[in-house]
Every structure is written in C-alpha cells, then in structure tokens.
Amino acid sequence: MKVGITCYPTYGGSGIVATELGLELANRGHEVHFITYANPIRLDPGIPRIHYHEVEVSSYPLFQYPPYCLALASRMAEVAERYGLDLLHVHYAIPHSIAALLAQQMMAARRRLPFITTLHGTDITLVGTDRSYFPITKFSIEESNGITSISRYLQRRTVEVFGVGNEIRVIHNFVNCELYRPAPEKRNSQKLLLHISNFRPVKRILDCIQILARVRKQVDAKLWMAGDGPERGPAEHLARDLGVGEQVEFLGKQDHVERLIPRAHVLLLPSELEAFGLAALEAMACGVPPVATGAGGVPELVTHGVDGFLEAVGDTDSQATRVIELLTDDPLHARMATAARRTAETRFATDRIIPQYERYYEEVLGQGERDGSTS
Ligand code: GMT
C-alpha cells in the first residue's frame with residue numbers, strides 16, 4: 001500500500017507513534033509518505049520506502065494566523081496525486097483530520113482518497129472539548145473513513161464526549177522490542193529514577209520531585225528528567241526548595257530514549273491523565289517497572305502489582321512508597337522487570353499491533369470498492 005502519514009513531528013507520543021508506525025510499515029514493504037511541517041523526530045534520512053514532504057506555510061501581513069490547515073490539505077492532495085497514495089492516515093484529530101477531508105474533496109473528481117484518523121488523547125480530552133474546537137472535532141470524527149483510538153479508555157471518552165455513532169477501532173500503541181530492550185549491565189550504580197515527557201501540566205512533573213524527596217529519606221537515589229516544556233522552571237525551583245537540586249538532572253529533549261531507559265531502576269509517570277502512556281510501555285520493554293497513576297488508559301497497559309504499580313493521581317506518598325519497595329527489594333524488582341518485559345513482548349510488540357493497522361487499512365480501502373464511492 002501507499003500511505004500518507006501526517007502527525008505533529010515534534011517531541012510527543014502521537015508523533016512518535018506515527019513515525020514508528022511509518023517505519024514499521026516501510027519495513028513490511030509498504031511505501032510511506034510523511035506529510036508534515038518538519039522532519040519527524042526519530043526519522044533518519046535515507047530509509048528505503050520512506051519519503052518526506054514538507055508542508056510550507058507562507059506568511060502574509062494580512063494573516064494574523066498563517067492557515068496551516070489549508071497548506072497541509074493542498075500538500076496532501078498534491079502528494080496523493082503525484083505518488084498515487086491509497087490512503088491518508090492522520091494522527092491527532094486537530095487539525096489533521098479536517099485537512100485530510102479537504103484533500104479528499106480536492107481529489108474526489110479523480111478518485112477516492114480515504115482517510116483514517118487516529119485519536120491520541122488531548123485531541124479528545126482537552127483540546128477537542130474546548131468550545132472553539134468541539135464542533136469541528138466532532139465533524140472530523142464523523143467524516144473520517146476510519147477512526148482508531150490508542151486505548152479503550154479513549155474510545156469510551158470519545159463516544160461520551162462527542163456522541164459519535166461511527167465505529168472507533170481500538171488499536172493500542174506498540175513498542176519495538178528489538179530496539180527497546182533490557183540492558184542490566186548498563187544500569188546505573190546509584191539508584192536512578194527516570195521521567196520522560198513534554199513537561200506539560202497534565203504530566204504533573206512536580207510530583208516527580210516530591211517523590212524523589214520522599215524516597216531520598218530512605219534510599220540514596222537520583223532522578224533524571226528527560227524532555228522539556230512549560231513546567232520545567234517550576235520543577236527546577238521545587239527541587240532546590242526541597243533540597244534535592246543536586247540529585248535531579250534535567251536532560252532536555254532526548255532523541256534516543258531507548259539508550260537512556262535501561263540505565264534506570266524505575267520510571268515515574270505521575271500524570272493527571274494519560275490516554276495510554278507510551279513512556280511506560282517503552283520502559284516496560286526495557287525491563288524498567290513503571291510507578292504510574294491509574295488515570296485514563298494506563299491500566300490497560302500496567303497491571304498493578306504485577307508489571308508495575310498504579311496509585312492515585314496526586315498521591316505522591318503512595319507513589320514514593322512503591323518506588324522505595326522497588327529500590328530496596330531486589331527480588332521484587334527482578335520479578336516486575338521480567339513481567340514488564342513480558343507484557344511488552346506478548347501484548348504490545350510491533351508484530352502484534354502493526355498487522356492490526358494493515359488489516360484496518362484494507363478494510364477501509366475495501367469499503368470504497370464495495371460501494372463505489374469517492375469518499
Ligand atoms: O495528547 C497530547 O497532549 C499529546 C499526545 C502526544 O502527542 O504526546 O499524547 C497522547 O498520545 C500518546 C501516544 O499515543 C499517549 O501515549 C499519551 O497518553 C497521550 N497523552 C495524553 O492522553 C495526555
């Protein structure tokens with residue numbers, strides 16, 4: 001198949017999932033065209049069957065807001081026509097889904113160009129519910145030829161919030177278990193906690209600092225904070241206030257988290273809400289047990305007490321207690337690390353999930369052949 005993929009190419013789970021999906025599809029012989037405003041992170045140049053088409057948004061003094069959605073739609077239609085794309089697959093509904101709908105309509109006189117929207121999280125739970133975006137998000141879901149959601153939680157929320165009637169297929173996120181693998185010999189000698197995110201308020205990164213401060217009352221541990229975003233300043237400030245400034249290292253944005261994760265003993269994911277929690281899955285694949293909150297879709301991934309721990313949002317005391325258990329009880333840590341790796345391999349490895357996308361693409365393409373429609 002020839003697939004056009006659009007996502008946010010910056011740091012963030014939805015862009016990472018889209019990029020890794022494209023790489024896996026190309027690996028399996030499909031032709032993949034990324035249509036985005038920048039080269040997606042984690043996409044190295046020169047990979048066979050992968051193409052990248054930049055969306056250029058020209059500015060004009062009249063435009064207070066350059067119309068990115070229109071430039072994207074034009075580029076999608078142009079690439080679809082030139083390379084004979086079979087379908088478009090957009091990640092994160094806003095505004096990618098609407099751009100795909102416009103591209104489809106631009107192509108309609110010539111041929112059918114179906115599009116699939118994958119919902120990732122805040123496109124539904126936060127941004128999509130904002131009054132200014134609600135009607136267009138609902139419309140874009142209803143008009144998509146296929147909709148997937150990265151967890152059952154998000155599927156349920158989408159129906160509750162938007163009252164949409166079309167099928168939403170759950171295809172969980174995945175991890176490349178060859179790339180993300182345990183490396184106990186690389187584990188840091190001092191106990192190491194790790195957090196990876198875009199440091200937005202929903203990630204509650206200040207809780208990571210609180211947890212470290214409590215843990216350090218019993219265990220000599222340090223914390224690596226990978227990523228960047230609006231909460232970094234407050235987190236640095238809090239670390240100094242709690243007297244753990246020296247034990248928290250802010251690493252900035254990291255391109256190769258698969259090299260970082262195996263060095264840690266525990267992953268912290270204290271989020272207010274996660275539709276899935278990709279960082280937890282990446283850690284589990286590396287045999288690093290997550291201590292997370294049971295918010296949103298995380299319980300579909302982490303089984304409390306088996307391959308990680310789930311505690312209430314904001315309950316940093318309980319989260320710190322779980323971290324201490326893992327850092328001080330080696331057999332427990334080893335058991336959970338093995339179980340976490342097994343969960344990643346048996347339920348979320350690429351060879352389990354990518355075929356679900358392939359089958360879904362075929363279904364969506366087949367729908368058009370059956371009813372001979374142009375959309
Ligand atoms: O929704 C967001 O704010 C961002 C999005 C992203 O691009 O990082 O994250 C969502 O998608 C990830 C990949 O599917 C999920 O692992 C995250 O749980 C989800 N974030 C939230 O639901 C907050």
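Note that the numbering runs from 1 along the sequence shown for the chain. Ligands are counted one by one from 1 in listed order, and the atoms in each one are counted from 1 as well.
Here the shortest heavy-atom distance to atom 15 (C) of ligand 1, taken over Ser151, Ala280, Gly277, belongs to Gly277. Distances from atom 17 (C) of ligand 1 to the heavy atoms of Glu274, Arg157, Arg200 put Glu274 nearest. The closest non-hydrogen atom to atom 13 (C) of ligand 1, taken over Asn173, Leu301, Leu278, comes from Asn173.
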What do the steps show when you test Thr316 against Gln319 for side-chain hydrogen bond (donor to acceptor under 3.5 Å, both in side chains), and what is the final call? CA-CA 5 Å; Thr316 48; Gln319 292 170 54; over 6 Å; no
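The ring-ring contact (aromatic ring centres under 6.0 Å, His included) test with Phe162 is passed by exactly one of Phe134, Tyr133, Phe139: Phe134.
Using a 4.0 Å cut-off to heavy atoms of Ile150, the atoms of ligand 1 that qualify are 14 (O).
Here the protein heavy atom with the shortest distance to atom 8 (O) of ligand 1 is Gly13 N, 2.5 Å. The protein heavy-atom contact nearest to atom 23 (C) of ligand 1 is Leu273 O, 3.4 Å. Looking at atom 3 (O) of ligand 1, its nearest protein heavy atom turns out to be Thr122 OG1, 2.5 Å. The nearest protein atom to atom 10 (C) of ligand 1, hydrogens excluded, is given as His120 O, 3.2 Å; this is a heavy-atom distance. The single protein non-hydrogen atom nearest to atom 7 (O) of ligand 1 is Ser14 OG, 2.6 Å, given as residue, atom name and distance. Scanning the protein for heavy atoms near atom 22 (O) of ligand 1, the closest one is Ala275 N, 2.8 Å.
By the 4.0 Å N-to-carboxylate-O rule, Arg204 lies too far from Glu231 to be salt-bridged with it. Between Lys222 and Glu246 there is no salt bridge, since none of the side-chain N atoms of the basic residue sits less than 4.0 Å from a carboxylate O of the acidic one.
Between His96 and Tyr92, the ring-plane angle classifies as perpendicular under the 30° and 60° cut-offs.
Put simply, the side chain of Gln155 does not reach to within 4.5 Å of the side chain of Thr148, judged on heavy atoms.
A distance of 6.0 Å or more separates the ring centres of Phe115 and His89.
Every N/O-N/O distance between Gly12 and ligand 1 stays at or above 3.5 Å.
For the pair Arg232 and Phe199, the cation-pi test (distance below 6.0 Å, angle within 45°) is failed.
Of the heavy atoms in Tyr92, only side-chain atoms (C-beta onward) come closer than 4.0 Å to ligand 1.
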